[in-house]
Amino acid sequence: MKKKRVFSGIQPSGRLHIGNYVGAMRNMISLQDKYFCIYGIVDYHAMTVRFNPKEMEERVFNCAVDYIAAGIDPEKSILMLQSMVSAHTELAWILNTITSISWLLRVPTFKEKRQENPDYVHMGLLDYPVLMAADIIVYKAEVVPVGDDQIPHLELTREIVRRFNSYFGHVFPEPQSYLGKVPRILGLDGINKMSKSLDNAIYLDETKEEMWKKLAIAVTDTNRKRKTDAGDPEVCNIFTIHKAFSPKKDVTYCAEQCRTAGIGCLDCKKILLENMYKELEPIQKRQKELRTMKDYIHGVLREGCKRAKEITEKTMSEVYEKIGIKSFHE
Ligand code: TRP
């Protein structure tokens with residue numbers, strides 16, 4: 001049987017943190033065995049906010065390195081760069097002609113961006129979800145591993161698909177988001193989402209010492225003031241991170257010891273550090289190695305794009321047929 005296709009887009013936004021890693025990234029890696037996966041570094045999406053062109057090449061390069069180091073396997077899956085396969089933007093244009101502006105004005109991320117920066121609301125910001133829809137459906141992908149903040153975008157994608165299929169005839173399947181079992185990791189402040197801009201993150205490429213410095217002062221159960229107080233793991237962000245990295249026996253042990261004031265928060269964090277670093281250390285090793293392998297990384301993207309184009313050309317030829325311009329493209 002033909003494997004179902006998976007697509008997900010990765011923003012080349014700089015350093016990855018453990019929130020990114022246990023969120024969409026782990027799912028993207030695990031789906032590779034069962035599905036045919038296409039992962040795109042979405043540089044055009046990254047250009048919808050102000051950026052420095054001098055940094056873009058490095059951001060894309062590091063992004064490819066990080067994902068390969070973490071376990072995206074270019075032998076199994078396609079790793080490609082959005083701007084190298086022009087069918088993405090081309091299809092986005094066609095989808096633009098069937099997407100209501102009123103749909104786009106309702107998208108939460110657009111509303112947020114507009115509020116944050118009312119003097120700089122451009123077409124690309126409004127159109128962001130349409131390009132995202134094109135990314136997915138140009139491969140006829142049916143499964144899309146994402147974080148839960150992307151759900152409204154996926155709903156819009158399905159709306160666009162339904163409209164295309166009903167106006168022009170069936171071409172595209174309706175893609176479903178895939179959330180998997182992802183614990184919601186907060187930042188080290190225990191309040192906000194882990195994010196670079198809030199300076200509350202642990203990064204994938206930090207040394208063990210750097211990680212410890214941050215973990216040691218990270219917020220736990222705020223009601224547990226002293227080591228002799230019993231704590232509640234269910235309200236502790238460190239415990240959530242434990243569940244993402246530690247084996248079951250350590251998770252159970254820490255929960256028990258917290259509830260009975262057996263061990264203190266620092267002891268609990270030390271166990272977490274060991275487990276977390278055990279998983280991240282091999283990734284860091286590969287990261288270091290891959291950063292020196294410029295030709296290899298470029299080659300992976302070139303090959304990925306070649307394979308991607310074989311798929312997108314087939315889809316586009318169906319699209320040309322449905323919209324009545326096929327004979328010119330033969
Ligand atoms: N919007 C996604 C994000 O910010 C990135 C993205 C672009 C994407 N195109 C996509 C995700 C297609 C899934 C599918 O994370």
Residues in side chain to side chain donor-acceptor pair (under 3.5 Å) contact with Ser166, at least two apart in sequence or another chain: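 Not a single residue meets the side chain to side chain donor-acceptor pair (under 3.5 Å) criterion with Ser166.
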Any donor-acceptor pair under 3.5 Å linking the side chain of [X] with the backbone of [Y]?
X	Y	result
His329	Ser317	no
Asp229	Arg226	yes
Lys269	Ala216	yes
Asp66	Arg15	no
Arg224	Lys227	yes
Asn192	Ser195	no
Asn27	Val146	no
Asn237	Leu186	yes

Set of residues satisfying side-chain contact (heavy atoms from CB on, under 4.5 Å) with respect to Ser246, sequence neighbours excluded: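 Expected list: His242, Asp250, Val251, Leu272, Asn275.
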Report whether [X] and [Y] are members of the same hydrophobic cluster (ILVMFWY, side-chain heavy atoms less than 4.5 Å apart, transitive linking).
X	Y	answer
Ile185	Tyr277	yes
Tyr203	Leu290	no
Val42	Met56	no
Met28	Val22	yes
Leu215	Leu266	yes

Cationic N near anionic O, under 4.0 Å, Arg106 to Glu155: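 Looking at Glu155 together with Arg106, the answer is no, because their closest N to O distance does not fall below 4.0 Å.
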N-O pairing of Glu274 and Lys208 below 4.0 Å: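 So Glu274 pairs with Lys208 through a salt bridge.
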Verdict with supporting geometry, Leu126 and Val121, side chain to side chain contact (heavy atoms under 4.5 Å, CB included): CA-CA 8 Å; Leu126 187 63; Val121 184; over 6 Å; no
Phe164/Phe172 aromatic ring centres below 6.0 Å: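 When the ring centroids of Phe164 and Phe172 are compared, they turn out to be within the sub-6.0 Å range.
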Using atom types as modelled, flag every donor-acceptor pair under 3.5 Å from a side chain in residues 291-308 to any protein atom, sequence neighbours excluded.
residue, atom, partner, partner atom, Å
Thr292, OG1, Glu289, O, 2.6

Whether over 12 other heavy atoms sit under 6.0 Å from Ile217 CD1: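 Counting neighbours around CD1 of Ile217, 12 or fewer heavy atoms of other residues, nucleotides or ligands fall under 6.0 Å, so no.
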Atom OH of Tyr44 with >12 non-hydrogen neighbours under 6.0 angstrom: no
Ser100 versus Ser102, side-chain donor and acceptor atoms under 3.5 Å: no
Pair Asn96-Asp127, side-chain donor/acceptor within less than 3.5 Å: yes
Distance (rounded to the nearest 0.5 Å) between Leu156 CG and Gln150 CD: 12.0 Å
Give every donor-acceptor pair under 3.5 Å between a side-chain atom in residues 129-139 and any protein atom, sequence neighbours left out.
residue, atom, partner, partner atom, Å
Asp135, OD1, Gln82, NE2, 3.0
Asp135, OD1, His88, ND1, 2.8
Asp135, OD2, Gln82, NE2, 3.3
Tyr139, OH, His88, NE2, 2.9

Please tabulate, one pair per line, all N/O donor-acceptor pairs under 3.5 Å involving side-chain atoms of residues 107-116, not counting sequence neighbours.
residue, atom, partner, partner atom, Å
Thr109, OG1, His153, NE2, 3.0

[X] and [Y]: which non-hydrogen atoms are nearest, and at how many Å?
X	Y	value
Ser177	Ile151	OG-CD1, 3.5 Å
Ala24	Gly147	CB-N, 4.2 Å
Ile41	Val60	CD1-O, 4.0 Å

Side-chain donor-acceptor pairs under 3.5 Å in residues 72-80, sequence neighbours left out?
residue, atom, partner, partner atom, Å
Asp73, OD1, Glu75, N, 2.8
Lys76, NZ, Asp33, OD1, 3.0
Ser77, OG, Gln32, OE1, 2.8

